[in-house]
There are 2 protein chains.
Amino acid sequence: MTRTTSSPPIGVAVSTVIFRLRREADDARLELPLVRRTRDPHEGQWALPGGWVDLAENLESTASRTLAETTGLAPSYLEQLYAFGDVGRSPGRVVSIVYWALVREDIARATEQHNVAWFDATALPALAFDHNHIVDYALWRLRNKVGYSRIAHGFLPDRFTLAELREVYEAILGRRLDPANFRRQVEGSGTLIPTDDFRTGSHRPARLYRYNQDVELADRGPLPQ
Amino acid sequence: MTRTTSSPPIGVAVSTVIFRLRREADDARLELPLVRRTRDPHEGQWALPGGWVDLAENLESTASRTLAETTGLAPSYLEQLYAFGDVGRSPGRVVSIVYWALVREDIARATEQHNVAWFDATALPALAFDHNHIVDYALWRLRNKVGYSRIAHGFLPDRFTLAELREVYEAILGRRLDPANFRRQVEGSGTLIPTDDFRTGSHRPARLYRYNQDVELADRGPLPQ
DNA sequence: TCAAAAGTGTTACTCTTACACCCATGT
DNA sequence: ACATGGGTGTAAGAGTAACACTTTTGA
């Protein structure tokens with residue numbers, strides 16, 4: 001198990017699937033940013049943002065850095081997704097550690113960079129490498145995780161109404177939820193703290209809630225790192 | 001995002017947490033094989049089996065290979081656990097893609113290799129690198145996964161009694177389960193097919209069951225790769 | 001016939017789901 | 001006043017957990 005440094009090295013890269021929630025007239029949908037490749041392989045095609053891992057940079061730091069470079073934002077949630085390293089997935093043997101992230105910004109901020117565009121996460125074009133596959137897996141993980149953890153709040157500001165929170169769940173899960181039952185479940189979980197303020201809108205004002213920071217509950221296990 | 005091949009390369013390794021079930025008088029417990037390191041760093045300490053990834057070898061293949069070299073066995077279950085790549089975890093920057101596996105063998109076969117020993121998974125000595133942490137995470141994942149998938153059968157032969165299956169669950173979860181309720185749950189899931197044979201032992205014979213291969217149910221999502 | 005595991009029955013309790021209904025506000 | 005979303009009540013059904021009970025074998 002000594003490292004024999006003869007053959008050409010394996011490239012280690014990090015890519016990140018970054019989700020944001022785009023609110024529209026009657027519903028909301030998931031979007032993610034893609035970068036147009038300017039060189040081979042797959043020149044001209046859209047790909048996940050990412051980059052090579054610097055020798056003195058942690059994997060998660062690389063994900064945060066490329067995320068900031070692409071969107072100008074800091075993630076409200078960031079987690080490792082999977083390490084993809086099959087021999088044929090890229091010329092010259094590259095192992096990609098893929099992360100997935102949530103960002104809070106709803107409207108496209110100063111994110112208008114060249115060669116970066118946001119796409120509907122459920123209707124993507126043909127991407128470079130195995131990136132379609134990776135996005136599918138990230139979507140599955142997001143939908144799964146929303147069921148047993150509090151990540152939905154990664155899309156929301158500090159204070160929000162129950163209807164806004166429910167809208168996030170509905171966008172992720174792709175189906176409507178009963179407002180009455182949703183309220184009871186989320187109130188019963190103890191993860192929300194009601195504030196004294198209300199969001200006044202077109203009809204009866206709705207109470208604003210914020211997160212209970214103390215409750216790290218059910219975030220599913222010890223962090224691996 | 002071009003690969004600048006100036007600095008020394010990042011090493012890419014695979015390690016594997018291999019679980020087996022050791023049956024004893026009244027209960028069963030989880031064990032895993034460790035390898036005694038013969039060089040620095042951490043010479044003399046116990047570590048997870050693993051090795052460098054060959055340039056033409058898939059990550060999962062590397063896990064299978066090192067698993068076979070260590071135990072002489074083929075895994076009945078093999079899944080990626082996590083990619084550990086923090087800067088300080090090993091001298092010289094190494095990214096370890098860690099897998100976890102189940103093997104069927106109950107008794108120690110011809111596994112008696114030099115510098116390889118099996119340890120109680122819940123009472124390990126101080127291991128090399130961050131391997132204690134990795135094992136903890138693998139144990140958490142195993143316990144978690146047994147709740148919603150069929151991996152428990154990775155420890156059992158083709159045909160088995162419900163008591164044997166329950167014993168596996170009890171060893172993994174670390175607590176007793178009600179035989180009556182366990183039977184109903186597992187029978188109701190439709191994953192088991194009863195055979196016409198019975199295991200005759202010290203008391204009333206117990207029916208043998210086998211797996212329903214058709215039901216890939218609830219193995220939780222699309223395979224990432 | 002007795003101990004012990006195999007297997008069945010029953011009940012209480014929790015959680016989910018569906019949906020009826022009242023409340024409070026802007027227009 | 002009324003439409004609309006905020007918020008409460010309630011009851012049926014599914015799933016869980018605890019435990020009493022019957023069955024079948026080897027010793």
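All values reported here derive from a predicted model rather than from experimental measurement. By convention in this document, chain letters (A, B, ...) are assigned in the order of the sequence lines, proteins followed by strands, and residues within each chain are numbered from 1.
- Expressed to the nearest 0.5 Å, how far CZ of A:R207 lies from CZ of A:F160 amounts to 13.5 Å.
- Contact check of residues 169-185 of chain B against DNA chain C (heavy atom, cut-off under 4.0 Å) returns B:A180, B:R183, B:R184.
- A search for side chain to side chain contact (heavy atoms under 4.5 Å, CB included) contacts involving A:D158 returns nothing, not counting sequence neighbours.
- Applying the ring pair (Phe, Tyr, Trp, His ring centres under 6.0 Å) definition to pairs two or more places apart or across chains, those involving residues 173-194 of chain A are A:Y169-A:F182.
- Of all the residues in residues 157-167 of chain A, A:A163, A:R166 reach under 4.0 Å from DNA chain D with at least one non-hydrogen atom.
- Take B:A74 and apply the side chain to side chain contact (heavy atoms under 4.5 Å, CB included) test, not counting sequence neighbours, and it matches no residue.
- The side chain to side chain contact (heavy atoms under 4.5 Å, CB included) search around B:R141 returns B:E79, B:L81, B:W100, B:Y137, not counting sequence neighbours.
- Minimum interatomic distance between A:V116 and A:P33 (heavy atoms only, all atoms of both residues): CG1-CB, 4.3 Å.
- For A:E170, the salt bridge (Lys or Arg N to Asp or Glu O under 4.0 Å) partners two or more places apart in sequence, or in a different chain, are A:R166, A:R176.
- Going from atom CZ of A:R199 over to atom OG1 of A:T195 covers 9.5 Å, rounded to the nearest 0.5 Å.
- Checked against salt bridge (Lys or Arg N to Asp or Glu O under 4.0 Å), B:D178 has no partners two or more places apart in sequence or in another chain.
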Check nucleotides 24-27 of chain C against the protein and report each pair of N or O atoms closer than 3.5 Å, with its distance, or say if there are none.
residue: C:dG26; atom: O4'; partner: A:S202; partner atom: O; Å: 3.0

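- On the nucleic acid side, DNA chain D has its first and last nucleotide under 4.0 Å of a heavy atom of chain B at D:dA17 to D:dG26, going 5' to 3'.
- Note that the OG1 atom of A:T161 and the CG atom of A:L156 stand 8.5 Å from one another [nearest 0.5 Å].
- Applying the salt bridge (Lys or Arg N to Asp or Glu O under 4.0 Å) criterion to B:D197, with sequence neighbours excluded, gives B:R159.
- Residues that satisfy the salt bridge (Lys or Arg N to Asp or Glu O under 4.0 Å) test with B:R65, not counting sequence neighbours, are B:E57, B:E69.
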